[in-house]
Number of protein chains: 2
Amino acid sequence: MSAAREESRVPGREPLTAPVEDYLKAIYAIGRGSGAAATNEIAQRLALAPASVSGMVRRLADQGLLAYERYHGVKLTESGRRAALRTLRRHRVIEAYLAEALGYPWDRVHEEAERLEHAASDELVDRMAATIGEPEVDPHGAPIPTKDGSVDETEYTSLADLAVGASGVVVRVADEDPEMLRYLGELSILPGKRITVRSRAPYDGPITLGSGRQEISIGPALASHVLVAPLADRAGKRG
Amino acid sequence: MSAAREESRVPGREPLTAPVEDYLKAIYAIGRGSGAAATNEIAQRLALAPASVSGMVRRLADQGLLAYERYHGVKLTESGRRAALRTLRRHRVIEAYLAEALGYPWDRVHEEAERLEHAASDELVDRMAATIGEPEVDPHGAPIPTKDGSVDETEYTSLADLAVGASGVVVRVADEDPEMLRYLGELSILPGKRITVRSRAPYDGPITLGSGRQEISIGPALASHVLVAPLADRAGKRG
DNA sequence: GAAATAAGTTAGTATGCCCTAACTTTTACC
DNA sequence: GGTAAAAGTTAGGGCATACTAACTTATTTC
């Protein structure tokens with residue numbers, strides 16, 4: 001039980017609140033690399049009212065974490081970007097650790113990490129990473145930022161955009177929806193899996209894939225959540 | 001005013017906030033077994049103003065977690081006790097896990113656990129416990145409550161109360177002060193260690209101990225933070 | 001057992017973060 | 001290029017938790 005509640009800082013990090021870290025993560029995810037994040041999109045990702053975002057965004061700008069121009073969205077400052085990447089590192093290392101060291105199924109690591117990322121110190125996260133061999137990606141294939149704040153920001157191709165005949169290796173799947181993850185698991189569409197687009201039905205219809213020795217068929221909504229590294233054999237992207 | 005709040009439950013636990021969990025832990029620690037907890041003592045443990053405690057205590061009573069009589073302190077209800085023990089289990093399992101699985105030094109597990117206990121799900125805590133073999137005590141020797149809410153509440157003797165000539169096994173040390181823990185570590189006064197009181201200087205002076213093949217001397221303030229299970233050989237308690 | 005002291009409470013205020021309702025600015029379209 | 005729709009903002013509240021200052025109740029002391 002803590003006496004001396006004083007500062008209660010987490011070692012190696014300014015004491016950002018959980019909501020603030022969530023805002024920064026969301027803004028990073030939206031404007032990855034460059035673009036500005038729209039108030040409405042932040043609100044949607046965080047399941048908040050746009051008005052709430054306006055208020056918070058102003059405070060974050062005052063703290064120097066965001067560059068904010070009224071009516072024109074926000075961008076992370078360098079300091080904001082660093083804070084976002086620290087949180088992202090925490091999140092993904094925790095996900096990887098839960099899966100690797102504690103046998104968590106990949107569809108449930110996200111939710112647990114979502115809470116732990118705000119409580120774990122950098123030291124804990126670094127120990128976790130070391131214990132499981134400094135992984136470079138989380139269980140869904142998302143790259144883990146390094147301690148010094150760099151990330152692989154390669155933009156991969158969505159499976160929904162891969163042309164018929166093209167092959168690729170699944171590098172990453174969206175991590176938030178447990179049901180979707182379980183389904184992808186059943187189909188064994190997992191990071192590392194090599195797949196080939198065999199056919200696409202018209203009007204955004206099902207996509208048929210060759211994957212290993214089996215053939216499977218998925219809808220475009222699902223396909224859009226699967227990112228692949230195209231293999232240079234026959235075809236490229238589809239417009 | 002407040003009634004049951006819906007959303008965002010942590011699996012297997014009512015959605016208590018971090019402050020509430022801290023209050024319950026503190027109240028449990030104060031009145032362990034029976035007694036009522038005084039407002040001032042709660043305030044001191046949590047490093048809060050007494051007025052803040054009055055306010056919170058009323059709300060917790062409204063929620064059925066405390067029995068509260070104005071001007072006469074509080075006691076945990078059965079529901080409050082269960083909640084306190086869940087948090088305590090989380091705390092101690094996490095401490096044990098950090099030490100065992102991640103190589104944390106015993107003087108730093110407390111602080112980290114203090115934050116994680118509010119974010120970890122019961123499932124995570126149970127997986128941690130299973131992974132390190134269902135420990136019964138944390139690294140400082142404190143008993144870990146079981147999932148179904150029972151704890152060993154044995155009251156041990158403080159080393160400060162052990163009579164000259166008496167022997168005992170260290171079962172537990174206070175866990176909050178890292179510096180003290182490092183010092184105890186240097187002296188290798190650790191849970192499991194067998195010690196004998198060789199002499200006591202008068203006027204609350206230093207206590208000389210035989211411990212293994214060495215002889216060490218500690219002050220009564222430190223000794224009061226070391227709990228021992230007396231061995232029935234020569235003498236009993238003092239005072 | 002009354003006065004002094006300690007302990008505890010209420011009142012009023014602050015902060016962080018959220019909401020809805022109403023208003024303003026930007027954008028998109030004919 | 002003016003107007004409707006979309007996007008964003010401000011105004012005004014609410015809730016949880018904390019604080020200080022002032023008041024009340026309980027306990028101690030002579």
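Convention: sequence-line order gives letters A, B, ...; per-chain numbering from 1.
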L46(A) CG to dC19(C) C1', in whole Å, measures 15 Å
- dC23(D) phosphate, OP1 or OP2: any side-chain N/O from Y71(B) under 4.0 angstrom? no
From NE2 of H72(A) across to C1' of dG8(D) the rounded distance in Å is 10 Å
From CG of D62(A) across to P of dT15(C) the rounded distance in Å is 14 Å
* To do: For dA16(D), take OP1 and OP2 only and decide whether either is under 4.0 Å from a side-chain N or O of T17(B).
  => no
TODO: Check whether any side-chain nitrogen or oxygen of S52(B) sits under 4.0 Å from OP1 or OP2 of dC19(D), and answer yes or no.
DONE: yes
Margin query: Can you see whether S121(A) engages E112(B) through a side-chain donor-acceptor pair at a distance of less than 3.5 angstrom?
Written below: yes
Rounded to whole Å, the CG-C1' distance (N40(A) to dA7(D)) equals 5 Å
L60(A) atom CG is separated from dC18(C) atom P, nearest whole Å, by 10 Å
Checking dG8(C), dT9(D), dT10(C) against the side chain of R70(B) (C-beta onward), the nearest is dT10(C)
Review point. Does R58(A) put a side-chain nitrogen or oxygen below 4.0 Å from OP1 or OP2 of dT9(D)?
Key: no
Note to self: Is it the case that the side chains of D177(A) and H110(A) hold a donor-acceptor pair, with the cut-off being a distance below 3.5 Å and no angle test?
What the structure shows: no
Comparing nearest nucleotides in DNA chain C, the 5'-proximal residue of the pair A49(A), E41(B) is E41(B)
TODO: Tell me whether the guanidinium CZ or amine NZ of R58(B) lies under 6.0 angstrom from the six-membered ring centre of Y68(B) and within 45° of its axis.
DONE: no
Taken to the nearest whole Å, CG/L65(A) to P/dG16(C) is 14 Å
Testing dT17(D), dC17(C), dT20(C) for proximity to the side chain of V20(A), the answer is dC17(C)
Contact under 4.0 Å: Y23(B) side-chain N or O vs dA16(D) OP1/OP2: no
Separation of dT9(C) atom C1' from I42(B) atom CD1, nearest Å, is 14 Å
Smallest heavy-atom separation, R200(A) atom then A160(A) atom, equals NH2-O, 2.8 Å
R59(B) side chain near dT17(D) phosphate (N/O to OP1/OP2, under 4.0 Å) | yes
To the nearest angstrom, the CE-P distance between M56(B) and dC15(D) comes to 16 Å
**Item:** Flag if over 12 foreign heavy atoms under 6.0 Å of CD, E78(A)
**Value:** yes
Would you tell me if any nitrogen or oxygen in the side chain of S54(A) comes within less than 4.0 Å of OP1 or OP2 on dG8(D)?
no
